[in-house]
J.: 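Below: one structure in structure tokens.
Chain identifiers are assigned alphabetically (A, B, ...) following the order of the sequence lines, protein sequences preceding nucleic acid strands; residue numbering begins at 1 within each chain. Side chains included, hydrogens not; waters and symmetry mates left out as well; all remaining heavy atoms used. The model shown is predicted, which means the values in this text are computed figures rather than measured ones.
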Number of protein chains: 2
Amino acid sequence: MSPPERIRAAGLRRTPARIAVFGRLLANGRPYTHAELLADPELAGLDHVTLYRTLAALVDAELIHRVFGIDGVWRYGVQPAGGPGCPGNHVHFLCRSCGGMRCLYDSPMPRVPLPESTEVEGRHFLVYGRCAACVRAGEATA
Amino acid sequence: MSPPERIRAAGLRRTPARIAVFGRLLANGRPYTHAELLADPELAGLDHVTLYRTLAALVDAELIHRVFGIDGVWRYGVQPAGGPGCPGNHVHFLCRSCGGMRCLYDSPMPRVPLPESTEVEGRHFLVYGRCAACVRAGEATA
DNA sequence: CTTTACATGCAGGTGACTTTCAGATAGCCG
DNA sequence: CGGCTATCTGAAAGTCACCTGCATGTAAAG
């Protein structure tokens with residue numbers, strides 16, 4: 001199913017903004033911030049408020065998921081194939097050097113015992129440090 | 001060792017602001033936000049920038065730790081007794097109804113396999129939902 | 001008590017995100 | 001194909017957490 005078809009199947013209007021943003025996220029391979037998407041040449045001219053709302057609509061429709069970085073900025077990435085709708089079903093890694101985030105699809109979210117009658121809505125598990133590329137770049141210049 | 005002594009032992013000057021803030025965090029029993037601390041009657045009159053810097057100094061000295069909420073706000077809490085300096089050695093719970101955060105000292109941070117030569121600086125594991133008190137309050141009014 | 005490195009308070013600024021509202025448009029129906 | 005309506009878009013302006021620069025104040029060492 002093509003990106004526009006998936007948008008329509010999720011109950012959303014297939015507007016140019018949504019098709020373009022969803023297409024970029026599909027092509028990226030890793031979660032992107034609002035600012036990274038705005039700077040993307042293929043999304044040039046897109047209003048920043050429209051981008052916020054587009055991302056929110058895609059998250060609501062469960063076409064993408066979002067993860068919080070410890071820098072206070074949300075990242076948006078495509079859902080893993082066949083992944084559950086539950087927010088945060090896998091761990092994420094954030095490089096504090098380049099700011100890039102990676103989905104660790106192979107690391108499912110661990111379960112945690114909680115006090116009686118607590119209601120769990122979701123989990124955020126973020127590992128941060130320096131990615132392999134930045135480590136190598138740092139060694140090269142050091 | 002009293003709070004002022006612990007501040008001095010950590011290599012910090014024992015100023016009124018640091019003694020008061022560290023004392024409040026010790027008494028609170030759960031992590032507090034910058035805003036919650038500013039609103040605390042015992043910290044009345046404290047400048048908000050000074051509070052930011054005081055918290056940063058206490059974090060650097062490893063007297064307290066800080067955790068990011070999915071609402072984009074840092075919470076500051078005392079270190080668990082004898083806890084390691086490594087940032088984030090236990091899981092946290094955030095109530096999205098009352099905004100309160102709890103340290104789950106009994107849930108150590110799970111280990112996650114990462115790609116070759118990645119450097120890990122720390123981990124943030126946040127479970128969010130509604131705490132037992134808010135669940136009961138909601139049922140009472142519903 | 002004097003010195004000085006460090007802490008404080010204030011003014012002002014940054015950046016992510018939201019709200020409001022007028023104008024545009026996707027998709028439905030005939 | 002053409003009109004209607006709910007919904008989306010874009011621009012201006014606002015909110016909130018947090019940071020920087022600089023002059024003043026103070027803890028602690030000698």
J.: Do B/Leu38 and B/Val49 sit in the same hydrophobic cluster, where Ile, Leu, Val, Met, Phe, Trp and Tyr count as joined when their side-chain heavy atoms come under 4.5 Å apart?
T.: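 No; tracing contacts between hydrophobic side chains, which count when under 4.5 Å, never links both residues.
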J.: Using the C1' atoms of the five pairs at each end, what is the angle between the end axes of the helix from C/dC1-D/dG30 to C/dG30-D/dC1, to 10°?
T.: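 Comparing the axis at each end, I get an angle of 30°.
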J.: Select base, sugar-phosphate, or nothing to describe what A/Ala17 touches, counting heavy atoms under 4.0 Å on all strands.
T.: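 It contacts sugar-phosphate atoms only.
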J.: Produce the list of close N/O pairs, under 3.5 Å, pairing protein atoms with atoms of nucleotides 19-26 of chain C; give distances to one decimal.
T.:
unit_1, atom_1, unit_2, atom_2, d
C/dT20, O4, A/Arg53, NH1, 3.2

J.: Following the transitive rule for hydrophobic clusters with a side-chain heavy-atom cut-off under 4.5 Å over Ile, Leu, Val, Met, Phe, Trp and Tyr, establish whether B/Leu126 and A/Ile70 coincide in one cluster.
T.: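 Yes; tracing contacts between hydrophobic side chains, which count when under 4.5 Å, links both residues.
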J.: B/Thr50: which residues meet the side-chain contact (heavy atoms from CB on, under 4.5 Å) condition with it, sequence neighbours left out?
T.: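 Residues passing side-chain contact (heavy atoms from CB on, under 4.5 Å) with B/Thr50: B/Ala17, B/Leu46, B/Asp47, B/Thr54.
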J.: With sequence neighbours excluded, give me every side-chain hydrogen bond (donor to acceptor under 3.5 Å, both in side chains) pair touching residues 1-23 of chain A.
T.: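 For residues 1-23 of chain A, and leaving out neighbouring residues, the side-chain hydrogen bond (donor to acceptor under 3.5 Å, both in side chains) pairs sorted by first residue read A/Ser2-A/Glu5.
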J.: Check the distance between C/dC17's P and B/Ile70's CD1 and give it to me in whole angstrom.
T.: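 So the CD1-P distance, B/Ile70 to C/dC17, works out to 13 Å.
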J.: Working to the nearest 0.5 Å, report the span between CZ of A/Phe125 and NE2 of A/His90.
T.: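 It comes to 13.0 Å.
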J.: Who passes side-chain hydrogen bond (donor to acceptor under 3.5 Å, both in side chains) against A/Arg53, sequence neighbours left out?
T.: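 If we apply the side-chain hydrogen bond (donor to acceptor under 3.5 Å, both in side chains) test to A/Arg53, skipping adjacent residues, there are no hits.
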J.: Check the distance between C/dA16's P and A/Arg75's CZ and give it to me in whole angstrom.
T.: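 To the nearest whole Å, that distance equals 10 Å.
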J.: Please list, chain by chain and in numerical order, all residues satisfying side-chain hydrogen bond (donor to acceptor under 3.5 Å, both in side chains) with B/Arg24, sequence neighbours excluded.
T.: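 Result, side-chain hydrogen bond (donor to acceptor under 3.5 Å, both in side chains) vs B/Arg24: B/Asp40, B/Glu42.
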J.: For B/Asp71, what residues pass the side-chain hydrogen bond (donor to acceptor under 3.5 Å, both in side chains) criterion, not counting sequence neighbours?
T.: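 So B/Asp71 forms a side-chain hydrogen bond (donor to acceptor under 3.5 Å, both in side chains) with B/Arg75.
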J.: Out of the candidates A/Tyr52, A/Tyr32, A/Phe68, only one should pair with A/Trp74 under the ring pair (Phe, Tyr, Trp, His ring centres under 6.0 Å) rule; please name it.
T.: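 Considering A/Tyr52, A/Tyr32, A/Phe68, a ring pair (Phe, Tyr, Trp, His ring centres under 6.0 Å) with A/Trp74 is found only for A/Phe68.
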J.: Within residues 18-39 of chain A, find the residues that approach DNA chain D with a heavy atom at under 4.0 Å, and present them sorted by residue number.
T.: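 Within residues 18-39 of chain A, the residues near DNA chain D are A/Arg18.
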J.: For the residue pair B/His65 and B/His92, confirm or rule out a side-chain donor-acceptor distance under 3.5 Å.
T.: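 Per modelled atom types, B/His65 and B/His92 side chains form a pair under 3.5 Å.
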J.: Please tell me which of A/Leu12 and B/His48 maps to the more 5' nucleotide of DNA chain D, matching each residue to the nucleotide holding its nearest heavy atom.
T.: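 Residue closer to the 5' terminus by nearest nucleotide: A/Leu12.
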J.: Does B/Phe22 have any ring-ring contact (aromatic ring centres under 6.0 Å, His included) partners at least two apart in sequence or in another chain, and if so, which?
T.: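 Testing B/Phe22 for ring-ring contact (aromatic ring centres under 6.0 Å, His included), a comparison that skips the adjacent residues, returns none.
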J.: Using whole Å, what does the distance between atom P of nucleotide C/dG12 and atom OH of B/Tyr52 come to?
T.: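 Answer to the nearest Å: 19 Å.
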J.: What integer distance in Å separates B/Leu51:CG from C/dC10:C1'?
T.: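 That distance rounds to 15 Å.
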J.: Rounded to the nearest Å, what distance is computed from the CG atom of residue B/Asp71 to the P atom of nucleotide C/dA16?
T.: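 Those two atoms, CG and P, are 17 Å apart.
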J.: What residues, two or more places apart in sequence or in another chain, satisfy side-chain contact (heavy atoms from CB on, under 4.5 Å) together with A/Ala10?
T.: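 Per chain and number, A/Ala10 pairs via side-chain contact (heavy atoms from CB on, under 4.5 Å) with A/Ala61, A/Leu63.
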J.: Extract, from 5' to 3' on DNA chain D, the first and final nucleotides lying under 4.0 angstrom from some heavy atom of chain B.
T.: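 In short, chain B contacts DNA chain D from D/dA17 to D/dA29.
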J.: Could you give all pairs that pass the salt bridge (Lys or Arg N to Asp or Glu O under 4.0 Å) test and reach residues 94-112 of chain A, with sequence neighbours left out?
T.: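 Checked against salt bridge (Lys or Arg N to Asp or Glu O under 4.0 Å) - neighbours excluded - the pairs reaching residues 94-112 of chain A are A/Arg96-B/Glu121.
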